Amino acid sequence: MGVPPTERLTAAEGPDTQMVIETSRQRSAGYGLCPGVRPDFAPLARSDMSLLLEQNTLLHAHAVPAMETLYQQIINTHNMVLLTDAQGIILHSLGDADFIEKANRVALAPGVGWSEDRMGTNAIGTAIAEKAPSLVHADQHYLAANHFLTCSAAPITDHQGKVIGVLDVSGDRRSYHQHTMALVRMSALMIENQVFAATFEHAIVLRFHARPEFIGTLMEGIAAFSPGGRFLAANRNGLFQLGLPCQALQMHTFHSLFGLPVSALFDHYRTAAPGLLDMCLHNGVRVRGRAELRLGSGMHALTDPDEAAAPSPSATAQAGAAARPRRLSGLRYLNTGDPQLEKVIDKVNRVLGRDIPILIMGETGTGKELLAQAIHNDSPRAAGPFVAVNCASIPESLIESELFGYEEGAFTGARKKGAAGKILQANGGTLFLDEIGDMPVSLQAHLLRVLQERMVTPLGSGKSIPVNVELICATNHNLRERIAKGLFREDLYYRLNGLVVKLPPLRERTDLETVASKILSTESDGGPYLLSDEVLRLFRRHKWPGNFRQLTNLLRTAVIMAGDEHEIGLDHMPDDFLDDIDAMAGPPTSAQTFVAGSARLEDMELSAIMQSLEANDGNVSATARALGVSRNTIYRKLPHLK
């Protein structure tokens, strides 16, 4: 069976390390980077960084505790711990004070991207490109500016094997320790396991191993099953112990894999002091395990599908529908009273299961991927995979292999045994191509051929593989304008737009208060939060350029600021949001100027502020609330109050 992933953590890097570095340096040169050039240090703007953190909430929440533990193990060694997203942009960092100054010279800081196309060969970017742990020492870095570093990075993957982030330790090359990489890889695996468990909140989660002392450690296998016992996913060690590829496991149930009906789990955990489960794998290996029945309220024990006595196809379909928990991310959940969105949902419902491609239009942040996921969840393909591809975030040199896959040796740096592309990964389910308008023109003809022939030919292969996917695409571009400019194929456009729907921006929706309430109920742990009338008035005036991403991030912060108060007011709003509201007010009108007569407007403003301050006993927040302006405005007018 080989060596399980966690038992390889302390192994040497092996003879392929230098080949990986050389391949990465070739890629770096291909990006047009010059080793002596000053790297791009520009971090993301604060608003963009906030959106990025919002998009990576699950990863960030489970990575930070592991980062703190890892940092305690390497503290005072001239190193820092970094977490990035899937594109290599740093989300969070912890470091020794004496090293942070050096790190700032090369922008090892939140908001800065460390992908290979920006920074050349480096542990973070190379780990993403190779989808494998990466150690880059001293002058192995492509850019000379980074030669003082030694960096150890490990990718963090989700239950589908997709890279969702990178954990990295970077430090002074003179302080490198041979055990650092092992610590990084163990910590990354810990984060993966925690993200896995959090992903399947309404499922049966089984932790198992042939040796019971390993249950509860990084060595344990973890597998998730539906309430009816259908296999959903497994972590790395789980896949290793089960000894079957993920695609084959999709055909299995708890009963067929572990030799017990799923109902036995419920019986076992009804006892007063349930011990470890004793089970036999499909390959004859005996394992012990502990299950968590995370089925939520109102859900009952269900019969294992393997135990049914030859039901009719219709009965099987009904049983399968009953076994699936009700999905909060379905179309019904998205319908919050806005007439425009209601029409969109009505149109989508009419084509569900009809093999009609759907094209979702809308500004950034309007919830295009959320709608696509809801369509999948309500479709007959809900039991199959939902595979999302952001066509704008994948480098042009990699998108072809990402979509169509490749055979071993198809190109320099190709992984042994090749890799299945996203289209094949979505077989039997839904393929969501986000930002389709940014797909390189050179690949559009290839995609069109795949969609027409329903066959995929991986790079370097002469064999075509049948594929059956439901297609949903999304874009914030006007594709007809892209066609006119020669940036998008007209024949592909007409192949994609079986049903075109447009999501309205937040500023045009009539259900703002309902949407905000739903977000608040999701973000709050300590009871319901309400928006004050003043905040609601400001929300209705705001243009919301970031749409739902901006609203969600703002409310998440407001809940924390409000604490136990449970009514969110102006005091809990960020200053930049209030400044935006002030800017929208614009200069005084001629009528206002006329009423002021010969008095100077500035004197009148100061007088009004002073009077309000006096009435509110010098409380700046209360004064700002009374005048309908931000605290920053008060401080600008009366700088002595700072």
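The chain is numbered in sequence order, starting from 1. The figures here come from the full heavy-atom set of this structure, side chains too, leaving out hydrogens, waters and symmetry mates. Computed from a predicted model, the values in this text were never measured in an experiment.
Contact between Ile164 and Leu59 at its shortest, heavy atoms only, is O-CD2, 3.3 Å. The two atoms that bring His147 and His141 nearest to each other are NE2-O, 3.1 Å, heavy atoms only. Considering all non-hydrogen atoms of both residues, Lys502 and Val344 come closest at O-CG2, 3.5 Å. Between Leu249 and Leu239 the shortest heavy-atom distance is CD1-CD2, 3.4 Å.
Atom CD of Gln160 sits in a crowded spot, with more than 12 heavy atoms from other residues, nucleotides or ligands closer than 6.0 Å. Residue-environment remark: CZ (Arg480) stays at or below the threshold of 12 foreign heavy atoms within 6.0 Å. Within a 6.0 Å radius of CD in Glu513, no more than 12 heavy atoms belonging to other residues, nucleotides or ligands are found.
Within the 3.5 Å criterion, the main-chain N or O of Ile345 finds a donor-acceptor partner in the side chain of Asn349. Between the side chain of Asn553 and the backbone N or O of Arg549, no donor-acceptor pair lies under 3.5 Å. A donor-acceptor contact shorter than 3.5 Å is absent between the side chain of Lys422 and the backbone of Phe432. Remark: the backbone N or O of Thr364 is paired with a side-chain donor or acceptor of Asn547 at under 3.5 angstrom. When atom types are taken as modelled, the side chain of Asp438 and the backbone of Cys391 share no donor-acceptor pair closer than 3.5 angstrom. Proximity of a side-chain donor or acceptor of Asn122 to a complementary backbone N or O of Gly120 within less than 3.5 Å is detected. Looking only at distances, a side-chain donor or acceptor of Asp158 sits under 3.5 Å from a matching main-chain atom of Lys162.
Taking the side-chain contact (heavy atoms from CB on, under 4.5 Å) definition, one finds that Ala86 meets it with nothing, sequence neighbours left out.
No side-chain N or O of Thr121 forms a donor-acceptor pair with one of Glu116 less than 3.5 Å apart.
Sorted by first and then second residue, the ring-ring contact (aromatic ring centres under 6.0 Å, His included) pairs with a member in residues 433-491 read Phe404-His446; sequence neighbours excluded.
Under the 4.0 Å criterion applied to side-chain N and carboxylate O atoms, Asp491 and Arg495 are not assigned as salt-bridge partners. Using a 4.0 Å cut-off between charged nitrogen and carboxylate oxygen, Glu490 and Lys485 do not count as a salt-bridge pair. With salt bridges taken as basic N to acidic carboxylate O contacts below 4.0 Å, none links Arg354 and Glu470.
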Worked check of ring pair (Phe, Tyr, Trp, His ring centres under 6.0 Å) between Tyr31 and Tyr142:
CA-CA 12 Å; Tyr31 293 132; Tyr142 189 77; 9.4 Å; no

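Each of Glu54, Lys543, His542 was checked for a side-chain hydrogen bond (donor to acceptor under 3.5 Å, both in side chains) with Gln550, and the lone residue meeting it is His542.
Aromatic ring orientation, Phe196 versus Phe200: tilted (interplanar angle from 30° to 60°).
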